[in-house]
Amino acid sequence: MTDPEIHKGLAGVVVDTTAISSVNPETNSLLYRGYPVQELAEHCSFEEVAYLLWNGELPGDDELVAFEALERSLRVLDDRTKRIIDDVPVAAHPMDVVRSAVSQLGGLDETLEQPDGVLDPELNNGRAIYLLAQLPAIVAYDQRRRRGLPAVEPRDDLDYARNFLWMTFGEVPDDVVVDAFRVSLVLYAEHSFNASTFTARVIASTLSDLYSAVTGAVGALKGPLHGGANEAVMHAFDEIGSADKAEAWLDDALASKRKIMGFGHRVYKNGDSRVPTMKAAFEKLAEHYDRQDMLDLYNALEKAMGDRKNIKPNLDYPSGPAYNLMGFDTETFTPLFAAARVAGWTAHIAEQYAANSLIRPLSLYNGPTERHLSR
Ligand code: SDX
């Protein structure tokens with residue numbers, strides 16, 4: 001009998017269908033429920049995109065008003081959640097705080113104990129919007145805590161993006177900053193069966209609860225080969241310092257076999273469809289903050305990488321420096337990714353519950369052949 005073919009990392013393996021998004025490397029496109037993400041990033045709020053991912057259609061006027069009102073009513077952090085965040089040492093990574101806080105929200109959700117409380121679609125829709133509303137408060141509370149600043153309470157007169165910035169910085173920045181932030185959230189919201197989303201689907205496939213699935217997804221996203229890359233891009237920029245040093249830095253990095261964060265992608269092989277939209281937002285920020293030097297460094301490293309490895313940027317490459325210019329701490333970058341991606345994760349969790357099929361692949365054993373104890 002011939003050994004079965006092994007697909008390491010499930011590269012190129014189609015494991016299920018999804019109606020939520022389509023990532024197409026041939027056409028270099030990304031569709032959310034059929035809409036090109038570039039159109040959504042230009043014309044829609046993050047709230048509208050989250051609604052679309054969950055419901056399959058964009059909200060009508062009345063549906064949007066009701067959705068926004070509900071989301072805004074769910075933004076205040078429970079004191080017990082604040083205590084969990086405060087108990088995480090500031091030396092720990094902010095993604096550990098997000099992971100702990102999401103898990104705590106699950107512990108506080110008494111409806112999980114109801115009959116069918118884990119799988120009820122209405123309850124899970126409510127949990128999804130609750131997590132969407134809570135994550136900005138968690139991320140903002142934690143960054144201010146690390147800076148020794150008091151918490152800023154959410155405002156219900158601000159949309160999702162402005163309230164996120166308000167809670168983080170205690171002010172609402174200029175529209176050019178708000179819009180760049182909104183664009184990043186829309187672009188980060190969903191990306192089919194990426195590692196963190198697939199993690200969430202595996203957990204949901206066992207019929208475990210939504211909070212457990214999102215907690216697992218947060219753990220997967222933290223990794224530098226996945227969501228942690230946007231933070232790593234900024235660390236690289238800090239190491240390089242200026243555009244004129246980019247080539248030498250890259251030659252050293254490649255010589256020591258380092259992965260260059262923000263470049264490459266498992267699915268896109270001719271460039272990440274989201275990059276042009278996020279780069280345009282980054283360029284507007286660089287102009288707004290008079291940071292041509294950072295844009296020059298961005299372009300110099302991209303050119304050097306193209307010349308040497310012909311590996312193109314992914315979304316984390318422009319989003320890292322953009323978040324830096326917005327004023328976020330570098331360690332907060334991946335929590336921002338998580339706050340946006342919770343929309344996609346929870347859409348996939350619902351889809352996996354509806355599919356009702358346990359995810360359990362096979363493995364080919366290559367350990368010792370059968371043997372027996374000599375006792
Ligand atoms: C995200 O899946 C998603 O959709 C994820 C995401 C989403 O929205 O959810 O798009 C978000 O995670 C984007 C990716 C962020 N990660 C990084 O930027 C980390 C750096 N990138 C690499 O680790 C890598 O490109 C991966 C992991 C992203 C993809 O790697 P693959 O498809 O497994 O390709 P590979 O590692 O097999 O690389 C093929 C070759 C190798 O060379 P050889 O060993 O065969 O000689 O290309 C090289 C790699 O070494 N290579 C890189 C590189 N990426 C690939 N070399 C240096 N730096 C890189 N970034």
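Whatever order the structure lists them in is the order used to number ligands and atoms, beginning at 1.
We find that Arg182 and Asp179 are joined by a salt bridge, their nearest charged nitrogen and carboxylate oxygen being less than 4.0 Å apart. A salt bridge does not link Arg33 to Glu48: none of the charged side-chain nitrogens sits closer than 4.0 Å to a carboxylate oxygen. Salt-bridge annotation for Asp307 and Lys303: present, with a side-chain N of the basic residue lying under 4.0 Å from a carboxylate O of the acidic one.
Taking the six-membered ring where the residue is Trp, the centroids of His191 and Tyr268 are separated by under 6.0 Å.
The two residues Arg201 and Thr17 have their closest heavy-atom pair at NH2-O, 4.3 Å.
Sorted by chain and number, the heavy-atom contacts of ligand 1 below 4.0 Å come from His191, Asn194, Pro224, Leu225, His226, Ala229, Arg258, Lys259, Ile260, Met261, Gly262, Phe263, Gly264, His265, Arg266, Lys269, Arg274, Met305, Lys309, Ile311, Asn314, Asp316, Arg341.
Ring geometry for Phe328 against Phe164 counts as perpendicular: the plane angle is over 60°, on a 0 to 90° scale with 30° as the lower cut.
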